[in-house]
Amino acid sequence: MILIYYSSISFKRQTLAGSIIPRINYSNRSGANGVQYDLDFYPKFSKRFYAYLNYGYSSSSVYPEHKMGGDLYVNLPGAFEFSAGGRYISYETKNVSVISNSLGHYRGNYYFSLRSYITPLSDNLTKFSGNFLVRKYLKDAENYLGLNVGMGFSPELRQLTSGK
């Protein structure tokens with residue numbers, strides 16, 4: 001049985017350009033410890049468009065050495081939101097590219113989102129994974145309760161199955 005413990009600490013800073021969130025992640029995966037330094041940036045271009053940009057670094061074997069990602073979001077009529085983007089994850093022995101997209105909907109104090117991750121492989125196969133997110137907003141956009149359920153295989157956990 002593979003046991004995984006994951007924790008993180010982050011700080012959110014709102015700037016004129018958008019939100020910046022530095023984070024330190026810690027994991028223990030099957031007895032191996034690791035730390036990853038992560039930075040999220042959410043630049044806002046207009047009322048309709050914003051983006052998500054991410055960079056992470058780790059020298060530990062339980063995390064990829066480098067990970068980068070980004071999505072462009074567009075707010076659509078009817079309280080819908082769509083995003084499209086990608087991820088690039090760099091390991092010591094292999095690099096993985098992932099295509100991401102999502103469709104979200106705001107309904108009252110709730111937000112619902114479906115997100116897919118598509119990983120094309122060199123052997124002409126493609127892996128699919130995704131998640132479903134539900135949030136109930138409380139007094140404002142910064143305070144909410146959420147549930148995130150995923151299905152599929154995360155490319156970030158690749159080293160657990162390959163031994164790297």
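By convention here, the first residue in the shown sequence is residue 1. No hydrogens, no waters, no symmetry mates; every other heavy atom, side chains included, goes into these values.
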Would you confirm whether Arg135, through its side chain, and Leu145, through its main-chain N or O, come within 3.5 Å as a donor-acceptor pair?
->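 Side chain of Arg135 to backbone of Leu145, a donor-acceptor pair under 3.5 Å: no, none is there.
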- Lys47 backbone acceptor or donor facing Asn75 side chain under 3.5 Å: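 Yes; at least one donor-acceptor contact below 3.5 Å.
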**Euclidean distance, Leu39 CG relative to Met68 CE, rounded to 0.5 Å** =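 It comes to 13.0 Å.
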| said: Can you tell me how far apart OG (Ser60) and CG (Asn25) are? Round to the nearest 0.5 Å. | reply: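 The distance works out to 11.5 Å.
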Please say yes or no: joined through hydrophobic side-chain contacts below 4.5 Å, possibly via intermediate residues, are [X] and [Y] part of one cluster?
| X | Y | answer |
| --- | --- | --- |
| Tyr52 | Ile20 | no |
| Val74 | Tyr42 | no |
| Leu114 | Val134 | yes |

Asn95 vs Ile89, test: side chain to side chain contact (heavy atoms under 4.5 Å, CB included). Steps then yes/no. CA-CA 6 Å; Asn95 299 321; Ile89 305 167; over 6 Å; no
Minimum side-chain heavy-atom gap [X]-[Y] below 4.5 Å:
| X | Y | answer |
| --- | --- | --- |
| Thr126 | Ile118 | yes |
| Pro64 | Ser90 | no |
| Phe132 | Phe112 | yes |
| Lys67 | Asp38 | yes |
| Arg115 | Ser100 | yes |
| Ile24 | Val35 | yes |
| Glu92 | Ser61 | no |
| His66 | Tyr88 | no |

Measure from NZ or CZ of Lys136 to the centre of the six-membered ring of Tyr110, then state whether that distance is under 6.0 Å and the direction lies within 45° of the axis.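 Because its charged atom sits under 6.0 Å from the ring centre and within 45° of the axis, Lys136 does stack over Tyr110.
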Looking only at non-hydrogen atoms, find the nearest pair between [X] and [Y] and report the distance.
| X | Y | answer |
| --- | --- | --- |
| Tyr73 | Ser102 | CE2-OG, 4.1 Å |
| Ile99 | Pro120 | CD1-CG, 4.4 Å |
| Gly152 | Ser129 | CA-CB, 3.6 Å |
| Ile21 | Ser10 | CG2-CB, 3.9 Å |
| Pro43 | Leu53 | CG-CD1, 4.3 Å |
| Tyr50 | Leu72 | O-CD1, 3.5 Å |

Side chain to side chain contact (heavy atoms under 4.5 Å, CB included) for Glu81 and Tyr111? Distances and angles first, verdict last.
CA-CA 10 Å; Glu81 177 179 78; Tyr111 174 68; 3.0 Å; yes
**OP:** Applying side chain to side chain contact (heavy atoms under 4.5 Å, CB included), run through Ser27 and Tyr5 and close with a yes or a no.
**Re:** CA-CA 5 Å; Ser27 285; Tyr5 298 96; over 6 Å; no
Next on the checklist: Going by side chain to side chain donor-acceptor pair (under 3.5 Å), Ser19 matches just one of Gln14, Lys44, Arg13. Which one?
Outcome noted: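 Of the listed residues Gln14, Lys44, Arg13, the side chain to side chain donor-acceptor pair (under 3.5 Å) partner of Ser19 is Gln14.
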Run Gln36 and Tyr26 through side-chain hydrogen bond (donor to acceptor under 3.5 Å, both in side chains) and show every step you take. CA-CA 7 Å; Gln36 180 184 55; Tyr26 166 79; over 6 Å; no
Answer yes when Lys12 and Asp40 have at least one side-chain N-carboxylate O distance shorter than 4.0 Å, and no when they do not.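 Asp40 and Lys12: not salt-bridged.
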If you count the non-hydrogen atoms of other residues, nucleotides and ligands that lie under 6.0 Å from [atom1] in [X], is the total more than 12?
| X | atom1 | result |
| --- | --- | --- |
| Leu147 | CG | yes |
| Tyr6 | OH | yes |
| Tyr144 | OH | no |

**OP:** Could you please spell out the steps behind the side chain to side chain contact (heavy atoms under 4.5 Å, CB included) verdict for Asn131 and Val149?
**Re:** CA-CA 5 Å; Asn131 64 9; Val149 178; over 6 Å; no
Under the salt bridge (charged side-chain N to carboxylate O under 4.0 Å, His left out) rule, collect the residues that match up with Arg48, sequence neighbours excluded.
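Here no residue qualifies.
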Exercise. Aromatic ring centroids of Tyr37 and Tyr57 under 6.0 Å?
Worked result: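 No, the ring of Tyr37 stays outside the 6.0 Å limit from the ring of Tyr57, centre to centre.
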